[in-house]
Amino acid sequence: MVRVRFAPSPTGPLHIGGVRTALYNYLFAKHNGGEMILRIEDTDQTRYVEGAEEYIMNSLEWCGMKFDEGIREGGKFGPYRQSDRKDIYAKYAQQLIDNGSVYMAFDTPEELNELRAAAEKEGKTFIYNFSTRGSLRNSLSLSKEEVDELIKNGTPYVLRFKVPENRILETHDEIRGDITFNTKEMDDKVLMKTDGLPTYHLANIVDDHLMEITHVIRGEEWLPSLPLHILLYEAFGWEHPKFAHLPLILKPSGKGKLSKRDGDQLGFPVFPMQFNNNGEMCKGYKEDGYFPEAFINMLALLGWNPGTDQEIFSMDELIKEFTIERVGKSGSRFDPDKTKWFNHQYILKKSAKDVAELFRKDLDARGIDYSKYDIVRICELMKERISFIHEMWDETRFFFETPTQFDEKFKKKACKEDTAEVMTTLVSILEKCESFDPHTTEEAVKTWIEGNEWGFGKVMSPFRLAIVGEGKGPSVFDMIEVIGKEETLKRIKNLIAVL
RNA sequence: GACGGAUUCGUCUAACGGUUAGGACGGCAGCCUCUCACGCUGCAAAUAAGAGUUCGAUUCUCUUAUCCGUUGCCA
């Protein structure tokens with residue numbers, strides 16, 4: 001049974017990259033008939049952000065991902081919040097103490113900072129490992145008596161992992177293939193902090209083992225920690241899961257990981273939903289009018305591809321097609337334009353009826369009275385022109401509102417000296433139309449135009465100007481059917497009045 | 001700096017060692033048309049550089065370059 005987990009930290013809203021990591025985990029699990037677990041990694045209480053945990057769960061739910069186990073779902077491997085698992089970590093830390101895999105270190109953060117600063121001055125990096133641990137304050141360098149004394153005095157200490165001195169570690173990544181590390185480059189990482197809570201490394205390994213995780217799919221930023229994690233599994237005598245490190249999502253232009261700043265500068269959200277982070281408002285895709293399906297579709301294709309030309313995928317199709325083998329190795333630049341295109345595709349896919357339902361909500365929110373109008377028909381006419389529901393109003397407001405002014409540029413182009421006369425005749429022709437369906441009106445008007453051997457523009461352009469107020473919109477005959485005879489005649493007369 | 005990863009059109013990407021290096025976004029042009037969009041058609045646009053292996057390299061190896069990540073008692 002494949003079991004994967006998504007394990008975010010509740011340090012703020014969930015970033016796009018995190019959503020994609022969750023998505024790939026989810027797709028991988030479901031493709032293989034496996035289970036997906038949500039675990040909250042909140043071992044750093046200094047970075048805890050109120051509401052972030054809820055936000056993460058709500059966002060993933062909005063995206064359409066369902067967890068088999070987690071804080072809301074429960075499950076037999078809980079608790080699923082690391083801060084609720086302190087006792088478990090203490091127990092396993094003791095196991096490492098007992099088998100000599102870790103040692104106590106009494107160095108203060110200040111002391112270490114000084115050492116790091118000093119090393120940096122010389123262009124070097126301070127590493128806490130076999131080469132330095134002998135000269136630092138820890139249970140390896142100090143005598144048993146000194147250590148006992150320090151502990152008796154309540155001197156705070158951390159537990160560090162004793163990394164072997166010089167071992168070539170050959171590991172494997174499901175995306176990148178074989179990777180080798182030399183343990184001499186590694187740090188004796190802190191596993192247990194002075195506050196008694198484990199660091200990510202310990203908690204992560206213990207939980208993944210206890211929760212029977214078979215595949216760890218996470219961001220590439222974890223790749224340097226892979227040898228440590230392998231060593232930890234060894235120290236416990238456990239078999240490690242398979243690892244897959246996902247490429248990063250990069251800024252649309254420039255260098256580095258995509259950040260909130262990029263979104264703010266270029267005007268696109270970096271988070272699935274809105275989040276108020278201590279007064280700092282983080283924009284969300286949801287609030288910007290994206291469909292979760294489109295958002296997920298876009299994210300899925302950012303770093304993964306099916307090997308075919310298909311680009312539009314439902315969640316079920318993604319589950320069917322997704323494999324780790326087709327995940328790319330290199331980082332992907334985020335493209336806000338393509339994201340919009342995806343949303344447009346989903347508008348196109350929706351029926352006019354479904355779009356109408358969403359549009360009605362938008363109209364309600366704007367306080368527009370649309371009771372006299374056939375909204376489904378309007379959506380049928382207009383939906384292909386928009387990428388977002390909220391764009392619909394700007395594209396369609398002329399249906400609901402009689403134009404009060406006319407676009408000068410188009411008016412100049414459309415109206416000649418005889419236009420008033422022509423429009424007056426148009427009014428009389430339309431008045432005679434029993435039915436106002438497009439076929440009837442078009443037939444009547446075109447017959448008249450052709451009879452005079454005029455170009456269509458002579459009549460249609462000012463006609464359009466009268467109805468819309470400017471030179472845009474769908475077929476005039478379609479529009480006048482929607483607004484009705486009375487309103488149509490009124491609008492033409494309004495134009496005549498200003499000619 | 002050290003270690004690790006990566007490198008195909010501007011961007012996302014495809015291509016059993018053999019293709020005119022394909023698709024999509026964006027751009028440009030044309031078509032459609034009563035207008036504006038949509039749509040359709042077309043155009044421009046790439047294998048980082050250099051060696052090697054091979055009959056043949058985008059694909060395998062090495063070197064260089066560039067970019068990214070890590071280098072915290074953060075995750």
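These numbers come from the heavy atoms of this one structure, side chains and all, not from hydrogens, waters or symmetry mates.
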From B/G39, B/C25, B/G69, nucleotide with atom closest to A/His344 side chain: B/G39
query: Between A/Arg116 and A/Glu120, is the closest basic N to carboxylate O distance under 4.0 Å?
result: no
query: Which listed nucleotide (B/G4, B/C73, B/A75) is nearest to the side chain of A/Trp222?
result: B/A75
query: What interatomic distance, in whole Å, is found between C1' of B/C12 and the corresponding atom of B/G27?
result: 16 Å
field: Minimum-distance nucleotide to A/Glu185 side chain [options: B/A2, B/G23, B/A75]
entry: B/A2
message: Only pairs with both distances under 3.5 Å count, Watson-Crick or wobble alike; so what is the partner of B/U19 in this structure?
response: none
- request: Would you mind classifying the nucleic acid contact of A/Ile179 as base, sugar-phosphate or nothing, using non-hydrogen atoms under 4.0 angstrom?
  value: sugar-phosphate
task: Please work out if A/Phe456 contacts a base, only the sugar-phosphate, or nothing of the nucleic acid, heavy-atom cut-off 4.0 Å.
output: sugar-phosphate
message: B/U13, OP1 or OP2 - any side-chain N/O from A/Asn305 closer than 4.0 Å?
response: no
- prompt: How far does CG of A/Leu465 sit from CD1 of A/Ile492, to the nearest 0.5 angstrom?
  reply: 11.0 Å
statement: Picking from B/U70, B/G4, B/C34, the nucleotide nearest the side-chain atoms of A/Val476 would be B/C34
task: Report the nucleotide, chosen from B/A14, B/A75, B/C34, that has the shortest atom-to-atom distance to any side-chain atom of A/Asp44.
output: B/A75
- prompt: Nearest nucleotide by nearest heavy atom, which residue falls closer to the 5' end of RNA chain B, A/Arg176 or A/Leu348?
  reply: A/Arg176
Residues A/Glu293, A/Lys349: salt bridge by 4.0 Å N-O rule: no
task: Please work out if A/Pro247 contacts a base, only the sugar-phosphate, or nothing of the nucleic acid, heavy-atom cut-off 4.0 Å.
output: nothing
- request: Remember a base hit wins even if backbone is also touched, and classify A/Lys329 as base, sugar-phosphate or nothing at under 4.0 Å, heavy atoms.
  value: sugar-phosphate
message: Parallel, tilted or perpendicular, judged at 30° and 60°: which one describes the rings of A/Phe322 and A/Tyr24?
response: tilted
query: Has the side chain of A/Arg464 got a donor or acceptor that lies under 3.5 Å from a partner of the other kind on the base of B/U35?
result: yes
field: OP1 or OP2 of B/A6 under 4.0 Å from side-chain N/O of A/Arg333
entry: no
field: Separation between the C1' atoms of B/U58 and B/U7, rounded to whole Å
entry: 11 Å
field: Proximal nucleotide (of B/C73, B/G5, B/G72) relative to the A/Val158 side chain
entry: B/C73
field: Side-chain donor/acceptor contact of A/Thr194 with base of B/C73 under 3.5 Å
entry: yes
query: Would you say the side chain of A/Thr199 and the base of B/C73 hold a donor-acceptor pair, judged only by whether the two atoms sit under 3.5 Å apart?
result: no
- prompt: If you check every side-chain atom of A/Asp335, which of B/U11, B/A75, B/U71 has the closest atom?
  reply: B/U11
statement: Winner on side-chain proximity to A/Asp337, out of B/C12, B/G72, B/G26, is B/G26
- request: Would you indicate which nucleotide in B/C34, B/C73, B/C68 comes nearest to any side-chain atom of A/Lys446?
  value: B/C34
query: Does B/C25 pair with anything, Watson-Crick or G-U wobble, both distances under 3.5 Å, and if so, with which nucleotide?
result: B/G10
task: Measure from the ring center of A/Tyr290 to the ring center of A/Phe295 and say whether it is less than 6.0 Å.
output: no
message: Hydrogens and angles aside, do A/Asp207 and A/Tyr89 bring a side-chain donor and acceptor to less than 3.5 Å of each other?
response: yes
